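Note that the numbering runs from 1 along the sequence shown for the chain. Remember, predicted model here, so these are calculated numbers, not experimental data.
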Amino acid sequence: MLTLADISFDATAALLARYGLALHRIADGEAIPGSYWGECEAGLIGHNVYARGDTPVHSLLHEAAHLIVLPPERRAQVHTDATDSIEEEDAVCVLQALLGDALPGVGRERVLADMDGWGYTFRLGSAKAYFERDSDAAWEWLHVRGLADSATRSLSVPV
C-alpha cells in the first residue's frame, strides 16, 4: 500500500491547494482528526484534509475527492463523513484515481490496485474494472460538475 511517506508531501499539498483544500500532516502515532475509519485513514474537516506518513495515498485522495466535489459552502459543513449519496461516492472513486495521475510516482493504476488491496468492492470484481467498464454514470456526474472530461476520461482542470 502506497503511503504519504512514500510520495512528496509538497506535491500532494499543492494538488489539493488547486482545489481550495489544505493538507495537514499529523505526527506519527497521533489520532487523525476527522477520520471516518480511524487508524491511519485520512480525515476531513471543512476545507482540510488530515493525514500521517502511514496514511494510504488512496485514502487521502478519496477523502480529498469528497471535498473537491462539493461546493465551498457545503465543504465548510463537512466533518468526518462527507456524504451518504451513492452517486457521489461512485464519482469520488473515479476522481481519486484521476487525482493519482496528477501526483508524481502515483498514477491511477496504483490507486486502483491499492483500492482493491484495501477492500473496496465493485460489481465487476476490481476498482480497475469499475473505472474502465462500469462507471459511466460517475464520469457523467463528474463531467456535469466540470471536474472530469467523460470523453477523454481525464481531469477537466489543469493539474
Side-chain angles (χ1 to χ4, degrees), residues 1-70 75 78-135 138-139 141-142 147-148 153-155 157 159:
M1 192 81 43
L2 191 68
T3 66
L4 182 57
D6 299 323
I7 66 170
S8 168
F9 179 89
D10 292 340
T12 308
L15 173 63
L16 272 55
R18 291 180 189 147
Y19 293 95
L21 305 178
L23 178 60
H24 302 274
R25 184 190 317 250
I26 303 304
D28 292 344
E30 295 293 320
I32 299 175
S35 177
Y36 182 82
W37 296 102
E39 301 295 326
C40 61
E41 300 297 325
L44 64 161
I45 300 172
H47 295 79
N48 303 292
V49 178
Y50 299 90
R52 296 189 311 226
D54 64 342
T55 296
V57 172
H58 76 86
S59 171
L60 187 158
L61 295 177
H62 185 87
E63 298 307 330
H66 270 298
L67 294 176
I68 289 168
V69 303
L70 294 176
R75 286 181 191 175
V78 172
H79 192 300
T80 308
D81 190 7
T83 188
D84 59 1
S85 163
I86 292 171
E87 293 82 11
E88 183 178 310
E89 187 68 34
D90 291 347
V92 163
C93 286
V94 169
L95 184 57
Q96 78 186 80
L98 293 177
L99 293 169
D101 281 343
L103 288 174
V106 180
R108 74 177 66 171
E109 295 292 329
R110 181 58 190 260
V111 171
L112 295 169
D114 284 355
M115 289 169 71
D116 290 340
W118 188 86
Y120 284 75
T121 58
F122 295 96
R123 276 191 303 249
L124 298 181
S126 74
K128 183 176 181 178
Y130 169 74
F131 185 89
E132 293 176 348
R133 302 191 322 261
D134 194 31
S135 59
W139 281 103
W141 196 96
L142 292 167
L147 295 168
R153 300 245 163 165
S154 61
L155 285 172
V157 295
V159 291

Once you round to the nearest 0.5 Å, how far does [atom1] of [X] lie from [atom2] of [Y]?
X: His24; Y: Phe9; atom1: NE2; atom2: CZ; answer: 8.5 Å
X: Ser35; Y: Ile45; atom1: OG; atom2: CD1; answer: 10.0 Å
X: Arg25; Y: Asp10; atom1: CZ; atom2: CG; answer: 7.5 Å
X: Leu15; Y: Asp101; atom1: CG; atom2: CG; answer: 10.5 Å
X: Leu21; Y: Asn48; atom1: CG; atom2: CG; answer: 8.5 Å
X: Met1; Y: Asp54; atom1: CE; atom2: CG; answer: 12.0 Å

Results of side chain to side chain donor-acceptor pair (under 3.5 Å) for Ser59 - residues two or more places apart only: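 Expected list: Glu41.
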What are the two closest non-hydrogen atoms of [X] and [Y], and how far apart are they?
X: Ser135; Y: Val94; result: CB-CG2, 3.8 Å
X: Arg75; Y: Leu67; result: NE-O, 2.7 Å
X: Arg52; Y: Gly29; result: CD-N, 3.9 Å
X: Val57; Y: Leu4; result: CG2-N, 3.9 Å
X: Ala13; Y: Leu23; result: N-CD2, 3.8 Å
X: Ala129; Y: Leu124; result: CB-CB, 3.6 Å

For the pair Thr55 (side chain) and Cys40 (backbone), establish whether a donor and an acceptor sit closer than 3.5 Å, ignoring hydrogens and angles.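 At least one qualifying donor-acceptor pair exists.
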Is there a donor-acceptor pair under 3.5 Å between the side chain of Asp6 and the backbone N or O of Thr3?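 Side chain of Asp6 to backbone of Thr3: a pair is present.
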Do [X] and [Y] come within less than 4.5 Å of each other through their side chains, counting heavy atoms only?
X: Leu61; Y: Leu103; answer: yes
X: Glu63; Y: Gln96; answer: no
X: Val111; Y: Phe131; answer: no
X: Leu99; Y: Ile68; answer: yes
X: Leu95; Y: Leu155; answer: yes

Given side chain to side chain contact (heavy atoms under 4.5 Å, CB included), test Val78 with His66 step by step and report yes or no. CA-CA 9 Å; Val78 172; His66 270 298; over 6 Å; no
If you count heavy atoms of other groups shown closer than 6.0 angstrom to CD of Glu132, is the number above 12?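 Correct, the count exceeds 12.
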Measure from the ring center of His58 to the ring center of His62 and say whether it is less than 6.0 Å.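 No, ring centres 6.0 Å or more apart.
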Pairs flagged by salt bridge (Lys or Arg N to Asp or Glu O under 4.0 Å) wherever residues 109-122 is involved - sequence neighbours left out: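 Only Glu109-Lys128, Arg110-Asp114 qualify under salt bridge (Lys or Arg N to Asp or Glu O under 4.0 Å).
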